[in-house]
Amino acid sequence: MFGKFALAQFKKVNGSISPTQRAALESGTVGFEQSIFAGRPDWTGLLNTPAPTLTAEEQSFLDNETEELCRLIDDWKIRDELKDLSPEVWDYLKGKKFFGMIIPKEYGGLGFSAYAHATIVSKIASRSATVAATAMVPNSLGPGELLMQYGTKAQKDQYLPRLADGREVPCFALTSPQAGSDATNLKDEGVVFKGEDDKLYIRLNWEKRYITLAPVATLFGLAFRLRDPDHLLGDQEDIGITLALIPADAKGLTRGNRHRPMGSPFQNGPHWGEDVVVPVESIIGGPEYAGKGWNMLVDCLSIGRSISLPASAGGMSRFAARATGAYSFIRQQFGTPLSGMEGVQEALGRIGGLTYMIDAARTLPLQDLDLAHAAGTQARPAVASAILKYHATEAGRRVAIDAMDIHGGKGVVEGPNNPVGGLYQGVPVGITVEGANIMTRSLMIFGQGAFLAHPYTLDEIRAAQNDDADAAGKLLFKHLGNIFNNAARSFFMGLTGGALSHAPQSGPDAKFYRQINRLAAAFSFTANITMLTLQAALMRKERTSALLGDALSNLYLASNVLRRWTLEGRKDSDKAFMQWAAAHCIHKAENALHEVIENHPNKLVGLLLKPLVFPFGRLTRKPSHELDAKIAEALSRPGEARDNLTWNTYVPTTGSDYIARLEYTFKLAHQAHPHEVTLFKAAKKGIVSQTEDYAKMVDEGLEKGVIDASTAALLRRMKDARDDIVQVDYFDKTLTGPAMHRVKSPDIRNG
């Protein structure tokens with residue numbers, strides 16, 4: 001009886017899932033997030049997973065080829081003048097096989113790991129989002145990845161060597177006007193027919209948009225709905241979503257027009273196909289893969305989401321942290337550096353803490369990918385990649401806004417001497433591509449997690465498919481046991497604040513482990529009760545799903561913050577970053593659970609949950625003002641903490657580049673600062689004139705013996721360097737003339 005009841009309940013859920021939803025839900029692998037869903041974080045497994053490393057070859061490529069590529073990049077020229085990469089950069093990308101990082105060596109590629117791929121893209125992103133997007137797309141979801149996973153031997157032999165060395169420039173075309181995030185709504189169509197030579201062909205008609213590299217691509221990966229009205233491939237007429245390779249010179253293909261992505265002019269544009277005819281062998285994987293395109297896409301999408309966007313967000317955030325920290329110390333108002341002002345410290349705290357969080361969270365899925373590959377298996381971190389896609393790009397958005405606020409007018413006025421305006425303009429790209437952030441948060445994170453990461457759901461669905469009442473009964477019994485167990489644990493830890501739960505480390509991070517233990521139990525209990533009471537209706541309760549996803553995500557992020565601090569040696573210099581990021585994520589997780597309960601679609605369930613999950617109310621706090629001040633100090637002072645946080649950031653040290661001049665002035669400012677304090681104190685005492693004329697104060701200070709000749713020379717250099725850094729560009733009255741800069745930049749040819 002119990003088994004039949006359980007089977008009936010599971011069949012209700014199973015019947016509400018469409019074939020396309022099933023493909024998305026069942027395609028993927030899970031890692032640490034599964035233990036959060038079970039209510040018991042697997043600290044041993046998390047902390048024992050080794051830190052990712054680069055091979056000697058990968059490290060050399062990062063230190064040499066990637067460094068040289070960054071040196072060649074003039075991002076202002078790309079964005080303002082060329083609206084494209086320079087020919088020199090295009091040639092270097094192709095010649096050094098940046099487009100072939102993931103292609104195996106036997107096909108002429110570099111054969112790099114997922115971690116190496118992400119690390120290289122992240123460094124490029126610290127220099128130029130446009131170049132990073134150009135380099136990452138051929139290595140993300142597209143012809144290369146799909147061919148390696150599904151291509152026939154003939155397809156691999158023909159295309160992979162040409163993709164590896166840049167003879168072929170690929171793009172992948174999925175999005176159309178009718179089908180954005182809902183790829184299953186594709187209207188683009190291919191029809192199978194028999195040619196006069198008795199061979200099978202496909203006649204294609206399509207309209208695509210937002211396709212990166214399409215204007216310059218030579219090889220198009222195309223997603224379309226395939227029909228076979230004459231049953232030439234089999235019994236089915238509507239075969240379904242199919243993927244094929246189309247050469248750019250195919251008759252009827254129109255391309256070359258460009259979109260203008262906000263602030264980042266990477267090659268992106270629409271293209272059309274009108275009665276384009278290709279052989280059926282153009283289907284990726286051959287005719288036997290006709291109709292399997294959706295499964296292929298879902299299977300590969302998690303890889304790109306794990307690598308590209310989190311890597312870009314990390315690179316841009318590290319750059320923003322380094323540049324903004326330096327500027328906040330150089331720039332003075334009311335006789336004090338900006339970094340000494342509490343309002344600025346709040347923003348710097350967010351910049352530093354969120355940057356630490358992004359880099360902490362994005363490495364574990366990369367490690368999962370590489371460890372699985374080394375073991376001869378495949379990882380598809382669907383849930384973790386959705387978490388990273390949304391939260392890394394949203395954190396990057398917040399970092400860009402705070403960097404703009406601190407730079408003030410300098411961040412608004414465009415020009416080669418504005419280090420953060422381009423970051424701010426490019427934010428919409430990251431939050432839009434590879435699944436809009438609203439959809440990712442509302443549908444994907446918890447939606448996929450509820451099936452893939454849940455300890456029982458997928459097995460329950462399979463029991464329903466197999467009509468196995470015995471298995472269904474046993475699974476429901478275990479499921480209910482998990483719910484009751486987590487209800488008790490959630491209530492007890494709510495009473496004690498998790499103080500008695502196990503923490504794998506002792507020290508300043510121990511309390512965070514205990515808070516995650518408490519909230520993981522609370523999340524699991526809340527999620528399970530919500531799933532059981534709402535069942536299929538939960539799919540329509542997007543805000544409830546989004547908030548449960550927020551709780552899961554932030555517990556995952558906080559856990560990875562603690563892992564990073566441990567794997568990097570528990571350095572005291574990085575402690576404030578760890579504490580800020582962990583506190584921030586845990587506080588957000590608790591607030592998300594509280595909001596779920598306060599707004600639960602079933603009011604009675606909400607009333608039941610509240611005393612069990614929050615017997616004494618919410619217990620966590622936002623990062624303290626003291627932590628903000630510590631991070632502001634770390635970012636605005638040369639040293640280990642700043643260098644650790646902004647590792648893998650391209651930092652030129654010589655020449656006229658603004659960042660080189662900023663770094664020079666930053667170091668000079670710290671040399672001069674104690675002497676400036678002495679000078680300003682003398683001014684307050686009336687020993688030297690209190691005036692806005694800095695040069696006059698220096699001269700009087702030297703004359704009155706407040707400073708000596710070498711100090712006066714240092715302060716004069718400091719004045720010139722600071723004047724250079726705080727200036728903004730201006731143009732001729734048409735706004736098309738060259739950027740000008742009225743202050744002569746310091747000579748830093750020797751650093």
Side-chain angles (χ1 to χ4, degrees), residues 69-93 124-134 215-216 256-269 316 319-320 322-324 326-327 330-331 400-401 403-429 650-666 717 719-749:
L69 172 64
C70 291
R71 188 192 66 79
L72 294 173
I73 294 169
D74 183 336
D75 194 53
W76 170 250
K77 190 173 184 179
I78 288 171
R79 291 188 291 117
D80 182 69
E81 180 182 331
L82 299 175
K83 302 293 190 293
D84 191 7
L85 314 188
S86 69
E88 184 180 21
V89 170
W90 272 113
D91 290 344
Y92 195 83
L93 285 168
I124 299 170
S126 74
R127 183 62 165 170
S128 169
T130 305
V131 182
T134 304
V216 296
N257 295 292
R258 294 180 62 181
H259 300 307
R260 296 182 64 175
M262 191 178 297
S264 183
F266 56 93
Q267 291 282 346
N268 183 280
M316 291 186 286
F319 169 80
R322 191 171 184 94
T324 307
Y327 184 79
I330 294 167
R331 177 68 161 151
I401 291 171
M404 283 285 291
D405 282 355
I406 292 172
H407 278 80
K410 186 173 178 65
V412 173
V413 176
E414 291 190 307
N417 294 289
N418 178 347
V420 296
L423 300 180
Y424 182 83
Q425 289 177 312
V427 160
V429 174
Y650 176 71
V651 182
T653 56
T654 61
S656 61
D657 187 287
Y658 176 82
I659 297 302
R661 289 155 33 218
L662 179 72
E663 289 285 320
Y664 165 82
T665 305
F666 179 56
R717 290 200 308 275
K719 176 188 181 302
D720 290 343
R722 179 182 284 126
D723 285 348
D724 168 53
I725 290 302
V726 302
Q727 292 296 333
V728 297
D729 296 294
Y730 58 95
F731 301 81
D732 66 26
K733 61 185 178 181
T734 67
L735 293 180
T736 59
M740 294 171 276
H741 198 51
R742 71 179 182 85
V743 177
K744 183 179 179 181
S745 299
D747 183 355
I748 56 170
R749 287 174 294 177

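Quick note: numbers below take in every heavy atom, side chains included, and nothing from hydrogens, waters or symmetry partners.
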Applying side-chain contact (heavy atoms from CB on, under 4.5 Å) to Arg722 and Arg331, what does each step give before you reach the verdict? CA-CA 7 Å; Arg722 179 182 284 126; Arg331 177 68 161 151; over 6 Å; no
Parallel, tilted or perpendicular, as decided by the 30° and 60° cut-offs, for the rings of His407 and Tyr327: parallel
Ignoring hydrogens, what is the shortest heavy-atom contact between [X] and [Y]? Give both atom names and the distance.
{"X": "Tyr658", "Y": "Pro419", "result": "CE2-CG, 3.7 Å"}
{"X": "Lys83", "Y": "Asp80", "result": "NZ-O, 2.6 Å"}
{"X": "Val420", "Y": "Gly411", "result": "CG2-CA, 4.0 Å"}
{"X": "Lys410", "Y": "Val728", "result": "CA-CG1, 3.7 Å"}
{"X": "Ala320", "Y": "Ala403", "result": "CB-CB, 4.3 Å"}
{"X": "Ile124", "Y": "Cys70", "result": "CA-SG, 4.1 Å"}

side-chain contact (heavy atoms from CB on, under 4.5 Å) between Tyr650 and Ile659, intermediate numbers included: CA-CA 9 Å; Tyr650 176 71; Ile659 297 302; over 6 Å; no
For the OH atom on Tyr424, are there more than 12 heavy atoms of other groups (residues, nucleotides or ligands in this structure) within a distance under 6.0 Å?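 It does not: Tyr424 OH has 12 such atoms or fewer within range.
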Take atom NZ in Lys77; do more than 12 heavy atoms of anything else shown fall under 6.0 Å from it? no
At what distance, to the nearest 0.5 angstrom, does [atom1] of [X] lie from [atom2] of [Y]?
{"X": "Ser128", "Y": "Ile78", "atom1": "OG", "atom2": "CD1", "result": "4.5 Å"}
{"X": "His259", "Y": "Phe266", "atom1": "NE2", "atom2": "CZ", "result": "9.5 Å"}
{"X": "Thr665", "Y": "Ile725", "atom1": "OG1", "atom2": "CD1", "result": "4.0 Å"}
{"X": "Lys719", "Y": "Asp724", "atom1": "NZ", "atom2": "CG", "result": "11.5 Å"}
{"X": "Thr324", "Y": "Ile406", "atom1": "OG1", "atom2": "CD1", "result": "6.0 Å"}
{"X": "Thr130", "Y": "Arg79", "atom1": "OG1", "atom2": "CZ", "result": "7.0 Å"}

Does Asp75 pair with Arg127 as a salt bridge, N-O distance under 4.0 Å?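 Salt bridge between Asp75 and Arg127, a charged N being under 4.0 Å from a carboxylate O: no.
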Are [X] and [Y] side-chain neighbours, meaning at least one heavy-atom pair lies under 4.5 Å?
{"X": "Thr653", "Y": "Glu663", "answer": "no"}
{"X": "Val89", "Y": "Asp74", "answer": "no"}
{"X": "Gln267", "Y": "Asp84", "answer": "yes"}

Using modelled atom types only, decide if a donor and an acceptor are shared between the side chain of Asp732 and the backbone of Gly737 within a distance under 3.5 Å. yes
If only atom types and distance count, is the side chain of Asn418 paired as donor or acceptor with the main-chain N or O of Val413 below 3.5 Å? yes
Side chains of Asn417 and Arg661, donor plus acceptor under 3.5 Å: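 There is such a pair between these side chains.
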Out of Leu85, Ile73, Leu69, which one pairs with Tyr92 under the side-chain contact (heavy atoms from CB on, under 4.5 Å) rule? Leu69
What's the verdict on side-chain contact (heavy atoms from CB on, under 4.5 Å) for Trp76 and Glu81, showing C-alpha distance, side-chain angles and the deciding distance? CA-CA 8 Å; Trp76 170 250; Glu81 180 182 331; over 6 Å; no
Begin with the C-alpha distance, continue with both residues' side-chain angles, and end with the deciding distance and a verdict on side-chain contact (heavy atoms from CB on, under 4.5 Å) for Val412 and Met404. CA-CA 7 Å; Val412 173; Met404 283 285 291; 4.2 Å; yes
